[in-house]
Every structure is written in C-alpha cells, then in structure tokens.
Amino acid sequence: MHDAHGQVFLADCPTRLAVEIIAEKWAVIVLFALSLQPRRPGELAHLIGGISHKVLTQTLRRLQAYGLVERHAYAEAPPRVEYSLTPLGQTLVEPIKVLTDWARDNGAAIVEFQEQNEH
C-alpha cells in the first residue's frame, strides 16, 4: 500500500498488533472494568458477567503480557490478587469511553437492523 494510513495495517506493523490486542472479544470490556479502580478477579467476573474465570484469566494474562494491565499479589492469608491498568493501559480509557458511548447510542439500531433482516 502506498497510502500512509493503510500501511498501519500491514502484518508486521505495531499498529496492527495494537488493534488486534484490543479487538479480542473481552479485552475492551476488561479494560473498561479496570478503568475506575483496581479489581480482584472475582469482582471482575461478577461485574462483567458472561465470562468464565478461565477466559478472564487468559484475557488478563494477555493484557498483562502487552503492558496494559498489572497484577498485584498481596502477601496475605488467604492470598489476594488485584489487577489494575498500567500507565499505558490508562491511555485506552478515553478511546474506550468514546466506543462505549457509541455502542450505547447505536446498539438499539444495530439490533433493530438485525431483526429486520432475519426474515
């Protein structure tokens, strides 16, 4: 591609990797859930709903591996673990808010379109 904007989606481009990370099904939801405060895995699962503990753990580990989330283990009995956004993860809060606002404003229109086109 000759267009500079199009080149950001080439297979070896860091921009494409970043988009793929946040495009994963649960990533934006987990990041949004962590945007206000650190949370324990059980809190996250309850807040998010519909996510298994296994998938939540996989998502948190993946986000941690990319530097968006950090894990804090406390030396307590019983052990306590919390997850929070890193400074890099915090940079996603505003874009996720914009996306969430769009979804809230347009979700009903999407459902309506799907229902009209099922027949």
Open item on the list: Taking side-chain contact (heavy atoms from CB on, under 4.5 Å) as the definition, give me every residue that meets it alongside E82, ordered by chain and number, with sequence neighbours left out.
Closed with: P38, R40, Y74, R80
TODO: Please name the pair of heavy atoms, one in L88 and one in Y66, separated by the smallest distance, quoted to 0.1 Å.
DONE: CD2-O, 4.0 Å
Open item on the list: If the condition is side-chain contact (heavy atoms from CB on, under 4.5 Å), which residues does A77 pass it with, not counting sequence neighbours?
Closed with: none
Open item on the list: Testing the basics here: between V69 and L34, what is the closest heavy-atom pair and its distance to 0.1 Å?
Closed with: CG2-CD1, 3.9 Å
TODO: Scan for side chain to side chain donor-acceptor pair (under 3.5 Å) pairs involving residues 50-62, sequence neighbours excluded, and state none if there are none.
DONE: E24-R62
Task: Value rounded to 0.5 Å, distance of CG in L60 from CZ in R39 - done: 12.5 Å
Open item on the list: Holding to side-chain contact (heavy atoms from CB on, under 4.5 Å), I want the full list of residues that pass it with F32, two or more places apart in sequence or in another chain.
Closed with: S35, I96, T100
Open item on the list: Membership question, hydrophobic clusters at under 4.5 Å side-chain separation (ILVMFWY): are V55 and L47 in the same one?
Closed with: no
- [ ] Mind checking the CD-CD spacing from E115 to E118? Nearest 0.5 Å is all I need.
- [x] 6.5 Å
Task: Within-4.5 Å side-chain heavy-atom neighbours: V30 and Y83 - done: no
Open item on the list: Holding to side chain to side chain donor-acceptor pair (under 3.5 Å), I want the full list of residues that pass it with H72, two or more places apart in sequence or in another chain.
Closed with: S84
Task: Nearest-0.5 Å distance, CG of residue L63 to CG of residue L31 - done: 5.0 Å
Open item on the list: Run the side chain to side chain donor-acceptor pair (under 3.5 Å) test against Q37 and tell me which residues pass, sequence neighbours left out.
Closed with: none
Open item on the list: Quick check: do V81 and R71 have side-chain heavy atoms less than 4.5 Å from each other?
Closed with: yes
TODO: Go through the structure and list residues passing side-chain contact (heavy atoms from CB on, under 4.5 Å) with E94, not counting sequence neighbours.
DONE: K97, V98
Open item on the list: Applying the side chain to side chain contact (heavy atoms under 4.5 Å, CB included) criterion to I51, which one of L56, L44, I29 satisfies it?
Closed with: L56
